Amino acid sequence: MRGSWCLFVLACAAPSMAWGSMSSEPGAVTAQAPGDAAPESSTSSDVQAAGEQVPAESRSSASGVTEDAVEQSKQAEVVAGPGASTTSASSTPADASLDEVPTARTVVTASRTQERLSETPVATEVITRAEIVASGARDASELLAAHPGLVVNQTFAGASLQVQGLGPEYVLVLVDGERVAGRVAGSVDLSRLSLEDVEQVEIVKGPSSVLYGSDAVGGVVNFITRRARKPLGGELRLAYGQLDRLDLDATGEARGENWGLRLSGGLQRRASYDLDTADVGTSGSSLDGFDVSASGDLKNQGAMSLEASAGVSRRTQRGIDLGATGAVFDRASRDTSINSRLAPSWKLSDDATLRVEGSYSRFQRTYMRDQRRSSALDTVEQTRDQQARVGTQLDARLGERHALVVGAEALGEWLTADRLETGTGERGRGSLYAQDSWTLLTEPKLVVVPGARVDVDTQFGSAVTPRLAAKMDPLSWLTVRASYGWGYRAPGFQELLIDFENPSVGYVVRGNPDLKPERSRSFSVATEVRPTERSLLWVSAFQHSLRDMIGTSVEQGGEQQLFSYVNVARARVRGGELGVRQQFPWRLSGELAYSLTDGRDQSAGRALEGQARHRLTAQATWRHREWGLETWVRGALVGERPFYPDTDGDGVANPYDSDAYLSLDARIAWRPRESLQFFVIGSNLADAGNPQDLPIPPRSFQAGVAVRL
């Protein structure tokens, strides 16, 4: 209890410590109220030392809608950095070149339509391209690992994401607004998502089933890809370091008057690692992977525009496992992902746009376990997951007070897996949704957003998920947001149909085709205060109440344990965030945030497994433009986490609390000329990790070079 108060007092004292926003460019970025005048020293977070230029048009891949860049540049906005839930205004610095003039930043995830970040009633956090580059993160798991309110868990199966204390099965991961296929054990492996072609990451915490349906109970994370901006250009990035880690990224682009084309590719390689040298088993797998993608956009002289994208990636991982009887297994998995998207849109009038989207994705995993000196327990398993979606949406502004979004979509999913009892599973889902951003008052500004969605599932019938959100600016330096919504999660094919036996460990897992969808009721409130032009403080609170949660039941059958899935659990997760971002003189900026998460399994009467109650995150950036230097550092102090393993096989949990740990990453870069940059990345500098409950890679360093063509 004393430790809890210490962390709370430390967070409350954050303004005096003055750690604030991590702006990602030579100038400093301030946090302000919408419409406030920006300081002359501030710049757009897209104009940064890494050489990123703001696109001629502010576009979002998930919406397919563009706005006139000339009108937008009249008042530019800087998206909020990690941890912040609002936006700030910005003006162009005096020493910026004309082609660096920022355009207004827009987001799409909170409402599925393009809107100014400062105006969105639902709090949206954005990580810009500049911040991605400054962090040195090589995949999505590294980028989100120290973000307030998010937790990335590393296992041999990959990196899973928790939002506001809810597990990965309650978090929807999107790329350009499309679901990422290939959930394994309920989660999307974030390490599969490379960042060389990501423009920005949009994070919406809290229930989003009103617009996205199943799985969006805890929140949505949307990776928006980059679009061509230059007539002809390219980038190359190469890094190599410990664990034989190699990262190679290359991009090329071309843009004409009414069209754009962008190509990108990456190569990743890393050796396995072992945190316990007492045995031959490995804590982390080796990695060999590549990805290739292409995207284009076309706009004719009429009202129609078109966006299209396609990509392929492959990742091979290898490791060594130990069986319960002492057997040694060489493990290998190969994941192949294919995705494509086509999105035409029509501008029906100045106030209405119709968009149609179609997408297809395929994920295939081949998993092999080879027992040394024997073939009795050798296994080879195949999993194929396919998703197809067709949707249409109308965005219409009705007068000055209503912005309406109405849409319909059909989603189909097909899974073929050796672990399924029937070998295959398939289902379809049809949906209708509507949301209205209604400006009730203009002074002080009050926006109310009612919305609802109806999903009809071929297996589970219908589900209705309403939400009511509101945003108010009672003062120029104060913003208040609140929301209440319902959510649901349909059971996965694994929970319904799995039939798997692991004789080396001594257990059997059986699915339950009679499972019901999980339901949730959630609310949140957030307040943002801007005491000065260079400061932002925020505080938020949330609560999720879940029923019909899918849990596991355990029965002892002879020498083996039988696990099955049942709708028995109820849970409540509540908590909050407290943070500050501050811009200092000498181009120094930083951020400090404290997260409290109180998750409890009400059926079992215990805290949720693996969820830390306290978490403190911090990051800072310093730049010296004349010297071409940029430094970035971030850290997370994570409190104790409860675990409930059955270590003796008697069917009764043997609980324990893990130790608190500190993660620390840093990057320093030197740019001797505009088109050339050298950098060094340090990962896990505190050397946290253990083979039992924190199997993250050990301390490592990597050096590299980035070239702009």
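What you see is a predicted model, and the numbers here were worked out from it, not measured in a lab.
Between the OG atom of Ser209 and the CH2 atom of Trp486 there is a distance of 12.0 Å, given to the nearest 0.5 Å. Considering CD1 of Ile132 and CG of Leu195, their distance stands at 5.5 Å, rounded to 0.5 Å. To the nearest 0.5 angstrom, Arg179 atom CZ is 5.0 Å from Asp215 atom CG. The CD atom of Gln543 sits 10.0 Å away from the OH atom of Tyr484 when rounded to the nearest 0.5 Å. Rounded to the nearest 0.5 Å, atoms OG (Ser522) and CG (Leu166) are 7.0 Å apart. His614 NE2 to Leu637 CG: the interatomic distance, rounded to the nearest 0.5 Å, is 10.5 Å.
For the 3.5 Å distance criterion, the side chains of Arg112 and Gln435 fail to qualify, holding no donor opposite an acceptor. For Ser589 and Thr621, the side-chain atoms include no donor-acceptor pair closer than 3.5 Å. Checked by atom type, the side-chain pair Asp473/Thr479 shows a donor-acceptor distance below 3.5 Å. Between the side chains of Arg530 and Thr532, no donor N or O sits under 3.5 Å from an acceptor N or O.
No salt bridge links Lys230 with Glu235; every basic N to acidic carboxylate O contact stays at or beyond 4.0 Å. Using a 4.0 Å cut-off between a side-chain N of Lys or Arg and a carboxylate O of Asp or Glu, Asp598 and Arg572 qualify as a salt bridge. Ion pairing of Glu199 with Arg129 is absent here, as no side-chain N (NZ or NE/NH1/NH2) approaches a carboxylate O to less than 4.0 Å. For the pair Arg226 and Glu196, the salt-bridge criterion is not met [side-chain N within less than 4.0 Å of a carboxylate O]. The existence of a salt bridge linking Lys471 and Glu528 is excluded, since no basic side-chain nitrogen approaches an acidic carboxylate oxygen closer than 4.0 Å.
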List the steps and the verdict of side chain to side chain donor-acceptor pair (under 3.5 Å) for Ser141 and Ser191. CA-CA 5 Å; Ser141 66; Ser191 63; 5.3 Å; no

I'd like to know whether Glu400 forms a side chain to side chain contact (heavy atoms under 4.5 Å, CB included) with Thr442, so could you lay out the CA-CA distance, the side-chain angles of the two residues, the decisive distance to 0.1 Å, and finally the verdict. CA-CA 10 Å; Glu400 297 295 326; Thr442 57; over 6 Å; no

Worked verdict on Gln582 versus Ser535 for side chain to side chain donor-acceptor pair (under 3.5 Å): CA-CA 5 Å; Gln582 179 69 43; Ser535 304; 2.4 Å; yes

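Counting heavy atoms from C-beta on, the side chains of Tyr433 and Thr465 never come closer than 4.5 Å. In this structure, the side chains of Pro148 and Glu591 come closer than 4.5 Å at one or more pairs of heavy atoms. Counting heavy atoms from C-beta outward, Val173 and Leu193 have side chains that approach closer than 4.5 Å. Residues Glu115 and Val107 are in side-chain contact: their nearest non-hydrogen atoms beyond the backbone lie under 4.5 Å apart. Counting heavy atoms from C-beta on, the side chains of Ser683 and Gln702 never come closer than 4.5 Å. No side-chain heavy atom of Asn684 sits less than 4.5 Å from a side-chain heavy atom of Tyr661. Between Gln393 and Val405, some side-chain heavy-atom pair lies under the 4.5 Å cut-off. Side-chain contact between Leu616 and Leu592 is present, with at least one heavy-atom pair separated by less than 4.5 Å.
A donor-acceptor contact shorter than 3.5 Å links the side chain of Arg401 to the backbone of Leu440. For Trp586 (side chain) and Trp622 (main-chain N/O), no donor-acceptor pair under 3.5 Å exists by modelled atom type. In this structure, Asp197 contributes its side chain and Thr225 its backbone to no donor-acceptor pair below 3.5 Å. Put simply, the side chain of Arg467 gets close to the backbone of Pro207: a donor and an acceptor are under 3.5 Å apart. Judged purely by atom type and a 3.5 angstrom limit, His624 uses its side chain to pair as donor or acceptor with the backbone of Trp627. Side-chain N or O atoms of Asp139 include one that pairs as donor or acceptor with a backbone N or O of Glu142 at under 3.5 Å.
For Leu117 against Thr124, the heavy-atom pair with the smallest separation is CD1-O, 3.7 Å. For the pair Glu202 and Ile224, the tightest heavy-atom approach, listed with the atom from each and the gap, is OE2-CG1, 3.9 Å.
Ring geometry, Trp438 versus His402: the interplanar angle falls under 30°, so the pair is classed parallel (tilted spans 30 to 60°).
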